Each structure stands twice: as C-alpha cells, then as structure tokens.
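When a ligand or atom number is given, it counts from 1 through the structure's own listing order. Worth saying up front: this structure is predicted, and the values here are computed from it rather than measured.
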Amino acid sequence: QTGLVTLDIGYKNTGATKSAITFLDGDLGILRYRGYSIEELAEKASFLEVAYLLIYGELPNKETFEKFKKDITLHTLVHEDMRKIFDGFPASAHPMGVLSSLVCSLTAFYPASLNPNRSPDAVNLTIIRLLAKMPTIAAWSYKNEMGHPLNYPNNALDYCANFLYMMFAYPTEKYEPDPVVVDALNKLLILHADHEQNCSTSTVRIVGSSQASLYSAVAAGINALWGPLHGGANQEVIEMLEMIQADGGNIQKYVDKAKDKNDTFRLMGFGHRVYKNFDPRARIIKVACDNILNKLGIHDPLLEIAKKLEEIALKDPYFVERKLYPNVDFYSGIIYKAIGIPTEMFTVMFALGRLPGWIAQWRELNMSREPIGRPRQIYIGEKERKYVPMENR
Ligand code: SDX
C-alpha cells in the first residue's frame with residue numbers, strides 16, 4: 001500500500017493518541033499521573049484522591065473531595081433487578097466474567113451520557129456511578145463464586161475498607177477491616193490506577209471512540225485485561241512461584257525454561273513493552289511487601305523465592321540483554337495473598353485499580369472529540385483470483 005509506513009505489528013511503535021493523563025519514561029523508569037510522581041502519590045494520597053486527579057486533572061481541595069466522596073457513597077448500590085442477572089451466574093463463573101457482564105449491564109439500568117462537552121454534569125454522574133458500583137460488583141463476583149450471601153455496601157466505611165467489608169464480611173461473624181490491610185489495598189490500587197496506552201486502556205479508547213458508553217468501553221477493557229500477558233499476569237506469577245516451590249525451589253530450572261525458545265514458559269511478572277528498566281511500581285510494591293507482611297506477622301516463602309528469582313534473572317545475560325525486569329505484577333500478588341484476596345480475584349483487583357485510568361482516558365478522548373479509531377494493516381494475503389465452482393475444486 002502507498003502511504004503506509006511498515007511498523008512493527010502490535011502497536012510496538014505507534015502513537016495512537018495524544019494524552020495529558022500519564023507520563024511514562026520506560027528507559028528511566030519514570031511514571032507520573034498528571035505530573036505527580038507515582039512514588040509521592042503512593043506514599044501520600046488516597047486512591048479516591050488519585051482517581052479524582054486522573055479524571056479531572058487536578059488534586060481536589062477538601063470541599064471538592066468531600067463532595068466527590070459523598071456522591072460516591074450515594075451510588076454504591078446497584079439496581080435490585082441486577083441481582084436477578086447476578087443470581088443467574090453459576091458459582092463456577094469466573095469473577096472476571098461476572099464483573100465484565102455486570103459492568104456492561106449497567107448500560108441497561110443507568111443512563112450513560114456520552115458527551116462531556118455538551119452535558120458535563122450527566123457524564124460526571126455516569127463516572128460517579130461507575131466508580132461507586134465497581135467495588136460492589138467486584139466483591140459480589142467473589143461472593144457469587146464462594147456461594148456466600150452478598151454484603152450490601154457499608155457507607156460508613158471508606159472506599160477501600162467498604163470493598164474489603166463486602167468481600168469478607170459474613171452474616172454470622174464480626175468483620176472489621178484491618179487498617180494495615182486497608183492501607184496496603186489503597187497503595188496497590190493507586191499503583192494500578194493508570195498506565196498510559198496499555199492493552200486494556202487502548203481497548204477502552206478504541207471502543208469509546210465509536211461513541212459507546214463508558215460502561216461498555218470499561219467492560220471491553222476488563223476483557224482485554226483478563227489475558228495472562230496483561231492483567232492476568234499477577235495470578236500467573238503466584239502460580240509460577242508455587243510451581244517453583246513445589247519443585248524444591250529449583251529456581252535456576254525455571255529461569256532456564258524461560259530462556260528456552262522451544263518452551264512456551266515465560267517468567268511471569270518479568271518484562272514490559274515500555275519499561276526497559278525497573279518498573280517503578282515493582283520497586284514500590286517490593287518494599288511494601290516486606291513492610292506489610294511484617295506488620296501482619298506473615299512469613300510467605302513465595303516472597304523469598306520471588307526475591308531469589310529476581311536476583312538470579314537480573315544477573316543472567318538473556319534477561320540483561322533483553323532488558324527484562326520485574327514489572328508491576330511480579331510482587332503484587334504476594335501482597336494480595338497476604339491481605340486475603342484469593343488468586344482468582346487478582347485480576348479483578350487490577351481492574352478495580354485501573355478503573356479511574358480507564359474513565360480518565362475515555363473522558364479525555366470524548367472531550368477532545370477524537371475520531372473513531374481505525375488502524376490500517378500490511379496486507380500479506382492472496383492476489384486477486386477467480387471463483388472456482390464447487391464441483392471443480
Ligand atoms: C502488564 O503495557 C502496560 O503498560 C501493561 C501493564 C499495565 O500497567 O497496564 O504494565 C501491566 O500487563 C505488565 C506485563 C504483565 N505480563 C507479564 O508479566 C507476562 C510476561 N511478560 C511477557 O510476556 C512480555 O514481557 C510482555 C508481554 C510483558 C511484553 O512483551 P513484548 O514487549 O511484546 O516483548 P516480546 O514478547 O517481544 O519479548 C522480547 C524478547 C523475546 O525474546 P527474543 O524473541 O528477543 O529472543 O524478550 C523475551 C521474548 O521471548 N521475553 C521473555 C519474557 N518477556 C519477554 N522471555 C522470558 N520471560 C519473559 N517474561
């Protein structure tokens with residue numbers, strides 16, 4: 001084709017959009033949300049504060065933030081009729097499948113305004129509804145799998161504590177969210193909140209570019225995130241570490257397997273399309289691992305295996321030459337495990353964290369009136385040929 005530049009497929013060097021939300025320098029390992037460093041935000045901010053920052057571009061003052069939080073508490077419940085959809089899922093339904101179905105069904109129950117330029121208040125209500133209902137839907141996807149009664153939101157609790165309450169409270173037992181666990185969750189959700197034009201965010205943007213509702217675009221992003229090469233990696237990391245543990249802790253054997261081109265095995269939680277240095281989120285999570293497990297009095301042998309694996313891989317020429325470092329998923333599962341999140345919920349946690357980023361990116365593309373996404377291709381198929389009747393084939 002004329003006019004097409006032959007690019008490395010998989011959007012490896014494509015600038016798909018212009019965005020003011022997240023800055024990422026893969027060589028220097030820099031990540032900033034609206035100009036604020038991830039290190040500062042993870043240390044000093046709350047997840048909802050960061051959500052506001054990503055979506056509206058500024059850190060909220062006290063009055064604005066109190067109203068934002070209040071609006072969210074008013075919308076944490078979902079329509080009673082959604083329970084019927086929900087009750088229809090078998091206990092074997094994977095929480096990610098339940099989550100994406102229920103998020104998409106929000107379109108049927110709640111008006112979703114599309115144009116932040118024409119009707120900003122209506123779009124803000126759509127955004128509040130999604131931020132408010134996602135933890136409820138996520139926790140219920142877990143309760144469904146456990147066959148437990150659903151916990152309705154307890155709005156006396158803050159965002160993270162309320163989610164933990166809906167996840168772990170049980171009618172016959174008292175449940176109080178542990179502040180150490182709430183703080184750990186707050187930090188993890190902040191670290192996952194946005195990450196420029198990754199696979200699931202690009203999915204949200206391209207679906208949103210067809211004027212699909214925010215709910216539909218986010219449901220599409222949830223499904224893209226589910227893949228083991230993307231958000232599904234955090235669960236795969238734990239399963240990989242457990243496999244190494246079960247195999248006598250023979251780390252070198254798995255490092256060698258990951259290098260073997262005839263073997264499909266990869267070191268999960270290692271490598272990144274953009275970071276050719278340490279993923280700054282992995283650095284923060286690795287430190288948080290030690291702090292949180294110590295505070296909770298937990299010794300997890302998987303953490304020792306992970307640290308040893310990192311040490312061996314980062315001295316191995318195969319990984320060094322390809323600039324393969326631990327990414328956000330390498331240590332996050334160890335914290336999720338320590339705070340009681342089951343592995344099948346790890347990617348749901350990633351979706352919960354990434355939600356403000358998806359919302360911010362969907363809102364940005366609608367505000368900038370981006371055209372519908374329609375990439376081109378390099379055609380490698382047959383040249384023109386004539387139809388052959390069936391009897392002659
Ligand atoms: C996330 O894009 C984002 O921002 C994503 C994310 C976000 O916040 O949204 O950061 C979240 O998805 C993190 C990544 C989670 N996935 C994993 O940990 C799965 C394991 N990692 C790999 O599959 C891989 O590193 C990717 C998918 C993350 C990146 O793949 P790329 O950029 O397409 O790199 P590639 O597959 O072309 O690999 C380049 C080379 C290849 O070897 P050669 O052909 O050069 O010989 O590196 C090798 C690969 O075989 N390689 C690995 C490896 N990752 C890459 N070899 C062993 N183990 C690995 N993990």
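- Not less than 6.0 angstrom separates the ring centroid of Tyr170 from the ring centroid of Tyr175.
- Of the protein's non-hydrogen atoms, Ala258 O, 3.6 Å is the one closest to atom 57 (C) of ligand 1.
- The option with the heavy atom closest to atom 22 (C) of ligand 1, from among Arg266, Lys259, His192, is Arg266.
- Of all protein heavy atoms, the one lying nearest to atom 15 (C) of ligand 1 is Asp329 OD2, 3.2 Å.
- Proximity to Gly271 (heavy-atom distance under 4.0 Å) selects the following atoms of ligand 1: 25 (O), 28 (C).
- For atom 48 (C) of ligand 1, the protein comes within 4.0 Å by at least one heavy atom.
- Listed by atom number, the atoms of ligand 1 under 4.0 Å from Lys12 heavy atoms are 33 (O), 37 (O).
- Comparing Lys323, Arg322, Glu236 by heavy-atom distance to atom 45 (O) of ligand 1, the nearest is Arg322.
- Contacts between Phe330 and ligand 1, counted as non-hydrogen atom pairs separated by less than 4.0 Å, are absent for every part of the residue.
- Taken together through direct or relayed side-chain contacts under 4.5 Å among Ile, Leu, Val, Met, Phe, Trp and Tyr, Leu352 and Leu77 form part of one hydrophobic cluster.
- Distance remark: protein heavy atom present below 4.0 angstrom from atom 20 (C) of ligand 1.
- Each of the atoms 7 (C), 8 (O), 10 (O) of ligand 1 lies under 4.0 Å from some heavy atom of Arg281.
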